[in-house]
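Below you'll find the structure, written out as structure tokens, and then a few comments.
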Amino acid sequence: MHSPGQKRSVAGTLLKLLGSRPQARPAVPTAGDGEVVQPAAGEGALENHLGGDEARNYRKYEYDMVAPHVGRALLEIGSGLGHFSEQFAGRLDYLVVSDNDPYCVGELRKRYEGNDAVEVIDLELPAEIQIRQKVDTIVMMNVLEHIKDDVQALRDLASVTLPGGRIVIWVPGYMQLYGDFDRKVGHVTRYTPATLEKSVREAGLVPEVLKPINLLGGVAWWFAVRRGGAGYPDPRLVKIYDRTVIPVTRAIERLVRPPFGQTVFCVARVPEDAKDGAE
């Protein structure tokens with residue numbers, strides 16, 4: 001049994017790995033009705049630190065989870081600067097990248113200028129999606145949690161997905177982990193498998209894979225947010241976390257299915273009998 005001093009040491013170590021205490025920061029921008037809106041997704045955005053150069057193992061973890069479910073025609077929602085979707089470049093016939101941030105859309109257009117196999121669109125869900133052709137796969141990494149009407153957003157995505165196609169969803173898990181960081185980046189919610197399944201089924205989709213992942217990340221983030229008061233990740237410490245905790249998490253999850261995690265992962269299928277062009 002750990003002594004109180006040992007428990008404080010463990011909590012302190014986890015806190016240091018995942019974040020730092022809140023500091024004075026400019027006010028978060030709000031919409032006209034007072035709702036928090038997502039900060040610009042450019043190079044300085046808080047969320048970018050979770051999947052950038054500081055977190056290479058985490059990015060590979062994301063790719064390895066998603067890649068088996070990607071077909072030949074992909075629409076990525078919330079592409080940012082395009083680092084995630086570029087990993088699929090050699091296996092796709094058609095790629096659509098999208099974002100609702102002007103900086104990111106501009107950078108995506110520069111990246112793919114002259115490439116006829118790639119379409120770049122400015123998209124903020126829910127919305128009618130205008131693309132050249134339907135896709136067999138949609139990937140949304142840390143996007144759905146920003147959208148209040150998530151069911152309509154999923155319906156909009158299903159309308160441009162071929163019958164039998166997949167929508168791959170990666171979202172932050174569990175409201176017990178909701179804290180200042182979530183508010184700063186405009187998260188409406190954090191999901192559980194049950195709440196995500198409800199939204200997926202209401203949108204007319206069939207969940208084929210639905211589970212929590214990144215158990216150790218969830219435990220560490222709980223200590224950081226609930227016990228340590230972390231407000232945002234420190235990129236330097238995220239790098240340490242990436243090199244140490246992520247490999248252990250992956251090893252554990254090869255053997256057992258975690259009951260809880262920092263993330264909820266879902267692969268939802270568009271029914272085979274879905275009508276072409278259905279609303």
Side-chain angles (χ1 to χ4, degrees), residues 10-22 38 45-52 54-66 78 80 84 139-147 150 168-197 199-200 207 209-267:
V10 171
T13 300
L14 291 168
L15 171 59
K16 287 177 182 178
L17 282 173
L18 264 187
S20 55
R21 292 182 180 276
Q38 184 179 5
L46 290 174
E47 270 186 306
N48 284 356
H49 294 311
L50 296 180
E54 302 89 356
R56 293 175 185 174
N57 284 331
Y58 186 77
R59 287 175 65 182
K60 188 175 189 310
Y61 180 34
E62 291 179 315
Y63 176 81
D64 289 344
M65 290 291 297
V66 171
F84 187 74
V139 171
M140 50 192 327
M141 308 293 289
N142 294 316
V143 174
L144 194 64
E145 69 275 10
H146 291 274
I147 304 170
D150 57 352
V168 181
I169 306 165
W170 181 291
V171 288
Y174 299 89
M175 285 301 290
Q176 295 94 325
L177 304 182
Y178 193 99
D180 196 35
F181 173 78
D182 296 276
R183 286 185 286 272
K184 283 176 176 169
V185 298
H187 289 174
V188 175
T189 189
R190 297 181 72 102
Y191 288 89
T192 65
T195 59
L196 185 55
E197 180 179 9
S199 294
V200 163
V209 179
L210 183 58
K211 60 184 179 181
I213 58 175
N214 196 5
L215 171 65
L216 296 183
V219 173
W221 193 244
W222 185 86
F223 271 110
V225 171
R226 290 304 185 196
R227 306 300 290 270
Y232 58 94
D234 182 326
R236 296 166 301 175
L237 297 173
V238 167
K239 186 173 182 178
I240 297 171
Y241 171 82
D242 184 67
R243 300 298 187 270
T244 57
V245 178
I246 290 298
V248 176
T249 292
R250 297 195 66 173
I252 292 172
E253 291 178 5
R254 290 188 190 102
L255 301 174
V256 297
R257 176 170 176 155
F260 167 82
Q262 190 179 15
T263 298
V264 175
F265 178 71
C266 176
V267 180

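Excluded from the calculations below are hydrogen atoms, water molecules and symmetry mates; all remaining heavy atoms, backbone and side chain alike, are included.
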If I take atom [atom1] from residue [X] and atom [atom2] from residue [Y], how far apart are they, to the nearest 0.5 angstrom?
{"X": "Phe84", "Y": "Tyr63", "atom1": "CZ", "atom2": "OH", "value": "8.5 Å"}
{"X": "Asn57", "Y": "Thr249", "atom1": "CG", "atom2": "OG1", "value": "10.5 Å"}
{"X": "Met175", "Y": "Thr192", "atom1": "CE", "atom2": "OG1", "value": "10.5 Å"}
{"X": "Asp150", "Y": "Leu144", "atom1": "CG", "atom2": "CG", "value": "5.0 Å"}

Nearest heavy atoms of [X] and [Y], plus distance in Å:
{"X": "Asn142", "Y": "Pro172", "value": "OD1-CD, 3.7 Å"}
{"X": "Arg190", "Y": "Gly173", "value": "NE-O, 2.8 Å"}
{"X": "Leu215", "Y": "Glu253", "value": "N-OE2, 3.2 Å"}
{"X": "Trp221", "Y": "Leu177", "value": "NE1-O, 3.3 Å"}
{"X": "Leu210", "Y": "Arg257", "value": "O-NH2, 2.6 Å"}
{"X": "Leu216", "Y": "Tyr241", "value": "C-OH, 4.4 Å"}

Contact between Ile246 and Asn214 at the side-chain level, heavy atoms closer than 4.5 Å - yes or no? yes
Quick one: sort the His146 and His187 rings into parallel, tilted or perpendicular, breaks at 30° and 60°.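 The arrangement is perpendicular - the two ring planes meet at more than 60°.
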Whether the side chain of Asp64 engages the backbone of Tyr61 through a donor-acceptor N/O pair (distance < 3.5 Å, no angle test) should be reported.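 Flag not set: sc Asp64 to bb Tyr61 has no pair under 3.5 Å.
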